[in-house]
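Beneath this line is the structure, given in structure tokens, with notes to follow.
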Amino acid sequence: MNKSREIILERLKNNTNETSHTKVDITKKTYDWSKEEIISKLSENLQSAKAETYLLSDAELIDWLNEELPKRDINNILMGSSIAKQISKDINNEIEVLKYDDPYESWSEKLFNETDASITTTIGAIAQSGSIVLHPTPEEPRLMSLVPDIHIALVYEDTIYETFEQIITNQYWVKNMPTNALLISGPSKTADIEQVLAYGVHGPKELIVLILTS
Amino acid sequence: MHRTETFTDRINDALDNEQLHSNFRSAMNYLMEKRRDKFPDQEKLDNLRNIASSIRSNSLSNLAELLIKLEEKLESNNIKVHWAETDLEANNIIYQILKDANAKTIVKGKSMVTEEIELNEFLEDKDIEILETDLGEFLIQLANEKPSHIVMPAIHKSRKEISKVFAEHYPEFPYTEDVDLITQQARKILRDKFRQADAGISGINFAVAETGTLCLVENEGNGRMCTTVPPLHIAVTGIEKVVEKLSDVVPLLDILTKSATGQEITTYFNMISSPRREGEKDGPKSMHVILLDNGRSKIHQNNEMQETLKCIRCGSCMNHCPVYTQLGGHAYGTVYPGPIGITLEPQKQGITQLGELTSACTMCGACGEVCPVQIPLPKLINKLRSEAVEGNNANELIEGAGSMRKLLESLAWKNWKLIYSNPFVYSMFSKTTTTLNFISPKTIGKWGKYRTTPKPSKYSLKELANQAGFDNE
């Protein structure tokens, strides 16, 4: 095993010919979009990938949930404890609040087969590509944004960046990469059969992004 | 791939298959149009290509150093790194990891490098169940076929053909040709498989040396399932996929998705930097990365051919290739088809073995124009053709160099050179040809089979020009 390592590296180092490729300066792109522009770019791009977006104030969140969840036949919803603390006393009592308190293995079947929806926070969003950005945590683990049929994500308006590069730089990703970082830009989809778009192949069938204004 | 027919046989079969033509023609038109829509401004596109190409060249110039750095970072992130010089070695390493974990059922995300090492066949022989989970790959695995395109693996199959195969394997579902329904049926089948799998295997689009991060680009979510749900994750990658910095992935991701499927971005961009950490509630408990050489370090030796390794596997070169569109991916008989395939495969497997692939090119140049990382594919294909007949295997630039030289052909070109480089000999030759034009052959090989055989004219162009009153100058 180590022998292969040495052979490969030796061969690669063997090529001592100077390659004269010119290094291109990657200019940092900024658009200088206003707050309104940045929100509308994000919404437009997400919508064109078939995600739903809503612009709400913090206070309107609970009303939105109480109105929309029953409409979508959501009987239970998975959330982290911070969100649960914020909304569980006001949420329609016909909707069961589920929490990801135990390791995945101990409740995998319920997560896969009996969880209608999830609601997670994000660490921001990217307007240019229409992406929400997640760094899953013990409170909001990785599968929350993948397994339930409907994923609702909260994006605070002041965490929307113009580009992917800006979010990496401004949030110092290089210094503290999480176990898993994700860009999500719509519901799960495929075009593998005759290039016909079909949604909800393995991941969520619906992505709903709630942009929260302060 | 082990095929018994010759390349010519497969070409003839492909050309006779009307269904195949229409499947590929419409798919390629769709992909070309979608890509074109994403790059309305040529100047911006060229700028992005310059950046992407420069990042990839930088990776290759410092490949050894970056791989060492990547290894160090991955290990410090608790990801075990393995080096494999050959396909067999990679397969054995993977098998050993699975055996040690007592893993019997595997779910796999779409990965061309695992096609390259024929991992499925290897593991199935050892009674390990390995299931493709990308919808296209899942369907062609059911049909017992191979991908015919590196991005859209089931592009050669019509909806009807897919429905039939699906119904044969899953009679419990009602027969349907509705794409949404087939997709939902597959979702149902595969969700249980993800949940019950002992291990997940994936490829990698970019491996970031700076942070030890594995990046995966996908739309379906099966890649995320395979890398998050099972307790063990094994990622396999060619050694060339490493990039230096995290910021390098930004332009590469941008140009990859736009070039491949004309998408602004894919649904998921999945960046994995470690297995489950303490306190975390999901994710694999252990992770392994296989760094596969399989001929790459040899290609790296030659600075001109090294550009082959810049490839980010977008498939754009095949989408724009007139030969690929006519033949489809299977006729090539190799894992990677199309322009990148006929450049890469003869270098990996030798010209003696696969040199004939380089003839599947019209030198139209489209692939070189669209390549997001500016691989000069037409130039490299031409170089391989010339190596095949003129190269000298003693210097071993490419294995099998010179092996396609044919005595008669090289004699013909030698004479051609003699005639065309000497005015006196040339004039004698043209006089003889025009005078004796009546004895020229009636047909000339296969080329003449569907074409009118050309006949030397009674008068040479020079004579005609003189008759028309042009003087010698």
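Only heavy atoms go into these numbers, but all of them, side chains included; no hydrogens, no water, no symmetry mates. Chain letters run A, B, ... following the sequence lines, proteins first, then strands; residues in each count from 1. Just so it is clear, the structure is predicted and the values come from calculations on it, not from any experiment.
- Heavy atoms closer than 4.5 Å to chain A are found nowhere in B:Leu214, neither backbone nor side chain.
- Listed options B:Ile68, B:Asp254, B:Asn77 were ranked by heavy-atom pairs under 4.5 angstrom with chain A; first place goes to B:Ile68.
- Along residues 119-136 of chain A, the residues that come nearer than 4.5 angstrom to chain B, judged on non-hydrogen atoms, are A:Gln128, A:Ser129, A:Ser131 in order of number.
- A:His202 pairs with exactly one of B:Phe194, B:Tyr268, B:Phe138 by the ring pair (Phe, Tyr, Trp, His ring centres under 6.0 Å) rule, that one being B:Phe194.
- Heavy atoms closer than 4.5 Å to chain A are found in the side chain of B:Gln263, but not in its backbone.
- At least one donor-acceptor pair under 3.5 Å links the side chain of A:Thr213 to the backbone N or O of A:Leu56.
- Looking at B:Ile272, the atoms closer than 4.5 Å to chain A (heavy atoms on both sides) sit in the backbone and in the side chain alike.
- Judged by distance alone, the side chains of B:Asp46 and B:Asn50 never bring a donor and an acceptor atom under 3.5 Å apart.
- Looking at A:Leu146, both its backbone and its side chain come within 4.5 Å of chain B, counting heavy atoms on both sides.
- Note on A:Asp102, A:Ile8, A:Leu111: by heavy-atom pairs under 4.5 Å with chain B, the leading option is A:Ile8.
- For a residue to count as touching a neighbouring chain, one of its non-hydrogen atoms must lie under 4.5 Å from one of that chain's; by this rule A:Asn45 does not touch chain B.
- Within the 4.5 angstrom heavy-atom criterion, only backbone atoms of B:Thr266 (N, CA, C, O) approach chain A.
- With a 4.5 Å cut-off on non-hydrogen atoms, B:Val229 touches chain A through its backbone and its side chain both.
- With chain B as partner, the option from A:Leu207, A:Thr137, A:Asn113, A:Asp101 having the largest number of non-hydrogen pairs under 4.5 angstrom is A:Asp101.
- Between the side chain of A:Ser40 and the backbone N or O of A:Glu37, at least one donor-acceptor pair lies under 3.5 Å.
- Judged by distance alone, with hydrogens and angles left aside, the side-chain atoms of B:Arg56 form a donor-acceptor pair with the main-chain N or O of B:Glu240 at under 3.5 Å.
- For chain B, the option among A:Met177, A:Glu194, A:Arg142 with the highest count of heavy-atom pairs below 4.5 Å is A:Arg142.
- Between B:Glu264 and B:Lys258 there is a salt bridge, since a side-chain N of the basic residue sits under 4.0 Å from a carboxylate O of the acidic one.
- Heavy atoms closer than 4.5 Å to chain A are found in the side chain of B:Thr211, but not in its backbone.
- Using a distance-only test at 3.5 Å, with no hydrogens or angles considered, a donor-acceptor pair links the side chain of B:Asp134 to the main chain of B:Glu137.
- Ranking B:Thr133, B:Asn23, B:Val249 against chain A, the residue ahead of the rest is B:Thr133, based on heavy-atom pairs under 4.5 Å.
- In this structure, chain A has no heavy atom under 4.5 Å from any part of B:Leu60.
- Residue B:Gln184 touches chain A through its side chain alone, counting heavy-atom pairs closer than 4.5 Å.
- For B:Lys285, the part lying under 4.5 angstrom from a heavy atom of chain A is the side chain only.
- Salt-bridge check for B:Glu132 with B:Lys110: failed, with every basic side-chain N at 4.0 Å or more from each acidic carboxylate O.
- For B:Glu210 (side chain) and A:Val174 (main-chain N/O), no donor-acceptor pair under 3.5 Å exists by modelled atom type.
- Smallest separation of non-hydrogen atoms from B:Lys310 and B:Gln374: NZ-O, 3.7 Å.
- Residues A:Glu162 and A:Ile38 are in side-chain contact: their nearest non-hydrogen atoms beyond the backbone lie under 4.5 Å apart.
- Looking at B:Thr228, both its backbone and its side chain come within 4.5 Å of chain A, counting heavy atoms on both sides.
- When only modelled atom types and interatomic distance are considered, B:Arg187 and A:Ser188 share no side-chain donor-acceptor pair under 3.5 Å.
- In this structure, chain B has heavy atoms under 4.5 Å from both the backbone and the side chain of A:Glu109.
- When the shell of 6.0 Å around NZ of B:Lys281 is examined, it contains more than 12 heavy atoms from other residues, nucleotides or ligands.
- Using a 4.5 Å cut-off between heavy atoms, B:Glu71 touches chain A through its side chain atoms alone.
- When heavy atoms are compared at a cutoff of 4.5 Å, A:Pro187 approaches chain B solely by way of its backbone atoms N, CA, C and O.
- Highest contact tally toward chain B, considering only A:Ser108, A:Gly203, A:Ser106, is held by A:Gly203 [criterion: heavy-atom pairs under 4.5 Å].
- Neither the backbone nor the side chain of B:Leu216 has a heavy atom closer than 4.5 Å to any heavy atom of chain A.
- For chain A, no part of B:Pro231 is nearby; none of its heavy atoms comes within less than 4.5 Å.
- At a 4.5 Å heavy-atom cutoff, the contact between A:Ala181 and chain B is made by backbone and side-chain atoms alike.
- Only the side chain of B:Ile162 comes within less than 4.5 Å of a heavy atom of chain A; its backbone N, CA, C and O stay farther away.
- Judged purely by atom type and a 3.5 angstrom limit, B:Glu85 has no side-chain atom pairing as donor or acceptor with the backbone of B:Glu89.
- Options B:Lys157, B:Met152, B:Glu220 differ in how many heavy-atom pairs under 4.5 Å they form with chain A, and the most are formed by B:Glu220.
- More than 12 non-hydrogen atoms from other residues, nucleotides or ligands lie less than 6.0 angstrom from CD of A:Gln47.
- The neighbour count for B:Lys193 NZ, taken as heavy atoms of other residues, nucleotides or ligands under 6.0 Å away, does not exceed 12.
- Taking chain B as the reference chain and counting heavy-atom pairs below 4.5 Å, the highest number among A:Glu165, A:Glu105, A:Glu10, A:Lys175 is found for A:Glu105.
- With chain B as the partner, the residue from A:Ile168, A:Leu197, A:Thr163 showing the most heavy-atom pairs under 4.5 Å is A:Ile168.
- Between the side chains of B:Asn319 and B:His149, a donor-acceptor pair is found at a separation under 3.5 Å.
- Looking at B:Ser59, its side chain does come within 3.5 Å of a backbone N or O of B:Val242 through a donor-acceptor pair.
- In this structure, B:His156 and B:Glu161 have side chains that are not in contact, with every pair of non-hydrogen atoms separated by 4.5 Å or more.
- Looking only at atom types and distance, the side chain of B:Thr227 has a donor-acceptor partner in the side chain of B:Asn270 under 3.5 Å away.
- Side chain of A:Asp116 to backbone of A:Asn75: a donor-acceptor contact under 3.5 angstrom is found.
- Put simply, of B:Ser273, B:Gly136, B:Ala154, the one with the most heavy-atom pairs under 4.5 Å next to chain A is B:Ser273.
- Proximity to chain B (any heavy atom under 4.5 Å) is shown, for A:Ile184, by both the backbone and the side chain.
- Ranked by heavy-atom pairs shorter than 4.5 Å toward chain A, the options B:Gly212, B:Cys215, B:Ala64, B:Ser26 are led by B:Ala64.
- Contact count versus chain A (heavy atoms, under 4.5 Å) is highest, among B:Arg159, B:Glu280, B:Arg224, for B:Arg224.
- Without hydrogens or angle criteria, A:Glu139 side chain to A:Ser82 main chain gives a donor-acceptor distance under 3.5 Å.
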